[in-house]
Amino acid sequence: MGCIWAGVDIGKTHHHCAVIDTDGRHLLSRRVANDEPELLALIADVLNLGHEKVDEIDKLIEGRFRSHGQAEVIVSLPGIGPLLGAEFLAATSGDMARFGTPDRLAGFAGLAPAPRDSGRISGNLHRPARYHRGLQRVFYTSALISIRCCEESRRFYDRKRSEGKRHVQAVLALARRRVNVLWALLRDGRCYQLTPPATEAA
């Protein structure tokens, strides 16, 4: 992926800034006076170049994600777009057989408490010490987004809040639930629907 580098030659009365890409092409070369408005305008232009590069990278990531066979299933879950979907694939490769059960996937994402029993004391649970923080971010962030765009997620969140859970606890509970949902979608190879498809009678 392309990167850009910015450098500044600082002088007493004037400064010179240059921005280049990985191919050595000059994207910006400017001499400015040691004056606050000019310096702020220069900083804004450099940031805009950075935003343009980020947009290019995002489009590249989205294109590669869309070519994956499970992309349509993953983004069908409210709250997950191409970038979060790409993060999910990067962490799991989309192969749920690697984890065996949705509980193991949740544990890998740090969303399932692990037992910490000792001696005669049992039932102590805590967040696992080792988990994939990027995958946890995928489920937590998508849960936050889904609260705003999915009525079902909103109802679940509101119910947890009415049970006395704090905001973060309610979002984590929703994120954990969504692990099961996405697991089932990938297992069955079907897209998310508000009303699950009826099972055929045997």
Side-chain angles (χ1 to χ4, degrees), residues 1-99 105 108-111 130-150 153 168 171-172 174-175 178-179 182-183 185-186 189 191-192:
M1 293 182 182
C3 299
I4 62 172
W5 288 270
V8 180
D9 183 14
I10 300 175
K12 289 183 179 180
T13 60
H14 289 79
H15 312 299
H16 183 264
C17 176
V19 180
I20 62 174
D21 62 14
T22 50
D23 297 322
R25 292 175 299 188
H26 281 75
L27 305 177
L28 182 146
S29 180
R30 185 182 304 168
R31 184 173 182 265
V32 297
N34 190 13
D35 175 72
E36 183 175 352
E38 287 195 43
L39 290 172
L40 289 175
L42 174 64
I43 292 171
D45 289 343
V46 172
L47 289 175
N48 284 335
L49 287 173
H51 292 322
E52 290 173 9
K53 183 59 64 174
V54 169
D55 289 342
E56 290 178 16
I57 294 173
D58 284 350
K59 289 177 182 177
L60 177 62
I61 292 173
E62 180 174 355
R64 293 190 176 178
F65 170 75
R66 295 286 186 188
S67 67
H68 193 279
Q70 294 173 316
E72 186 178 354
V73 173
I74 294 169
V75 296
S76 72
L77 186 64
I80 296 186
L83 297 183
L84 287 177
E87 284 193 63
F88 174 79
L89 288 178
T92 67
S93 76
D95 182 10
M96 298 299 96
R98 289 177 53 198
F99 302 96
L105 176 61
F108 183 60
L111 294 171
R130 300 177 63 182
Y131 60 93
H132 196 294
R133 283 166 173 75
L135 188 58
Q136 184 187 75
R137 193 186 84 85
V138 168
F139 282 110
Y140 186 87
T141 303
S142 65
L144 277 174
I145 296 170
S146 73
I147 291 169
R148 299 195 299 267
C149 67
C150 175
S153 293
V168 171
V171 175
L172 286 171
L174 175 60
R178 287 163 59 83
V179 171
L182 186 55
W183 172 278
L185 296 177
L186 291 169
C191 291
Y192 175 83

Mind listing the side-chain donor-acceptor pairs of residues 6-14 below 3.5 Å, one per line with the distance, residues two or more places apart or on another chain?
none

Could you pull out every donor-acceptor pair under 3.5 Å between side chains of residues 70-80 and any protein atom, sequence neighbours left out?
unit_1: Q70; atom_1: NE2; unit_2: G94; atom_2: O; d: 3.4
unit_1: S76; atom_1: OG; unit_2: V73; atom_2: O; d: 2.6
unit_1: S76; atom_1: OG; unit_2: Y192; atom_2: N; d: 2.8

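Taking 4.5 Å as the limit, every side-chain heavy atom of L105 sits out of range of all side-chain heavy atoms of L182. For the pair L89 and H68, the minimum side-chain heavy-atom distance is below 4.5 Å. When side chains are defined from C-beta on, S153 counts as touching L174, because their heavy atoms get closer than 4.5 Å. Annotation: side chain of I20 is not in contact with side chain of L27 (no heavy-atom distance under 4.5 Å). A heavy-atom distance below 4.5 Å is not found between the side chains of W5 and V19. In this structure the side chain of N48 reaches within 4.5 angstrom of the side chain of D45, judged on heavy atoms. Residues L186 and F88 are in side-chain contact: their nearest non-hydrogen atoms beyond the backbone lie under 4.5 Å apart. No side-chain heavy atom of I61 sits less than 4.5 Å from a side-chain heavy atom of R64.
Rounded to the nearest 0.5 Å, atoms CG (D35) and NE2 (H15) are 9.5 Å apart. Taken to the nearest 0.5 Å, the CD1 atom of I4 stands 10.5 Å off from the OG1 atom of T22. A distance of 12.5 Å separates CG in D55 from CG in L60, rounded to the nearest 0.5 Å. A distance of 11.0 Å separates CD of E62 from OG of S67, quoted to the nearest 0.5 Å.
Because its NZ or CZ atom is not both nearer than 6.0 Å to the ring centre of F139 and within 45° of the ring axis, R137 does not count as a cation-pi partner of that residue.
Of the N and O atoms on the side chains of R98 and T92, not one donor lies less than 3.5 Å from an acceptor on the other residue.
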Next on the checklist: Could you go through C17 and V46, starting from their C-alpha distance and side-chain angles, then the distance that decides it, and tell me whether this counts as side-chain contact (heavy atoms from CB on, under 4.5 Å)?
Outcome noted: CA-CA 9 Å; C17 176; V46 172; 4.0 Å; yes
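Looking only at distances, a side-chain donor or acceptor of D95 sits under 3.5 Å from a matching main-chain atom of A97. A donor-acceptor contact shorter than 3.5 Å links the side chain of E38 to the backbone of A33.
Note on D21 versus K53: no salt bridge recorded, every NZ/NE/NH1/NH2 to OD/OE distance being 4.0 Å or above.
The aromatic rings of F108 and H132 sit tilted, their planes meeting at an angle between 30° and 60°.
Closest approach of P82 and R66 over heavy atoms only: CG-NH2, 3.3 Å.
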